[in-house]
Amino acid sequence: DTAVSQTPKYLVTQMGNDKSIKCEQNLGHDTMYWYKQDSKKFLKIMFSYNNKELIINETVPNRFSPKSPDKAHLNLHINSLELGDSAVYFCASSQDKNQPQHFGDGTRLSIL
Amino acid sequence: QQQVKQSPQSLIVQKGGISIINCAYENTAFDYFPWYQQFPGKGPALLIAIRPDVSEKKEGRFTISFNKSAKQFSLHIMDSQPGDSATYFCAASSSGATNKLIFGTGTLLAVQP
């Protein structure tokens, strides 16, 4: 069973569209994260939720909005997509905010 | 001060050799230093991690060496195998209100048969 699963795996869309990426973890973890990996493979934290409460909100355009309906899910909604949003987005989870993080396999977002 | 500097950017090692990747940090509040391994098309997977109360941690062929005074830590892969070919990331974080991992820039390791 996949511990941290993201859907879709690939997302190709046009500039200006709105899209969502979903993440689910079956590890019973309390904390979930979104990371962005750019074309040079640099990984940067975007958001983190602990028990559905937002605890990390990095300098990210407000076109990006995370939503955590429950502890096992953390979705990422992106409005008005721009070319620079093309990247691989990774979801991760940890037992609590001081425990090792487990990553999903990523969603590759390509903006045409 | 939040940066973690990683070197080299890429590394080619012969099968059976030792792979060494180095990282340096500035923030003395960092107290957790994991290494992640990433294969193409996959997410980063935790390989090994260390806290600053020890200077070395070994798990199988993988060893982390930690130098608190120099604010440096390194990953050693002994008896490197072609299956170890991947991108390796060091990272650092500090305990507290958040667990924000600051990643290094990655090292692409190629182990030649």
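None of the values given here were measured: they were computed from a predicted structure. Only this structure's heavy atoms are used, side chains among them; waters, hydrogens and symmetry mates stay out. Sequence lines set the chain letters: A, B, ... in the order given, protein chains first and strands last, and positions in each chain run from 1.
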What closest approach, in Å, do A:D105 and B:G43 show between heavy atoms, and which atom pair accounts for it? OD1-N, 3.2 Å

Quick one: of B:F39, B:Y36, B:Y32, who has the most non-hydrogen atom pairs under 4.5 Å with chain A? B:Y36

Grouping I, L, V, M, F, W and Y whenever their side-chain heavy atoms are under 4.5 Å apart, do B:I102 and B:I50 come out in a common cluster? yes

What do you reckon, is CD of A:Q14 surrounded by more than 12 foreign heavy atoms closer than 6.0 Å? no

Heavy-atom check, side chain of A:Q101 versus side chain of B:L101, under 4.5 Å: yes

Answer with yes or no whether the side chains of B:T87 and A:K41 bring together a donor and an acceptor at under 3.5 Å. yes

Are A:F47 and A:V4 co-members of a hydrophobic cluster defined by side-chain heavy atoms under 4.5 Å apart? no

Least distance between heavy atoms, A:P100 atom then B:L46 atom: CB-CD2, 3.5 Å

Between B:P44 and chain A, with a heavy-atom cut-off of 4.5 Å, which part of the residue counts as in contact: side chain, backbone, both or neither? both

Under 4.5 Å between side-chain heavy atoms, hopping through other hydrophobics if needed: is there a path connecting B:I64 to B:I20? no

Interatomic distance, CZ@A:F103 vs CD@B:Q38, rounded to 0.5 Å, equals 9.0 Å

Say whether A:L43 and B:L108 are linked into one hydrophobic cluster, either directly or through other cluster members, by side-chain heavy-atom distances under 4.5 angstrom. no

Please identify, among A:Q37, A:Q99, A:H102, the residue contributing the most non-hydrogen atom pairs under 4.5 Å to chain B. A:Q37

Determine, using the 4.5 Å side-chain heavy-atom cutoff (strictly less than), whether A:M46 and A:I111 are members of one ILVMFWY cluster. yes

Quick check for you: to the nearest 0.5 Å, what is the distance between B:K42 atom NZ and A:F90 atom CZ? 10.5 Å

Is A:K9 close to chain B through its backbone or its side chain, or both, or neither, when contacts mean heavy atoms under 4.5 Å? side chain

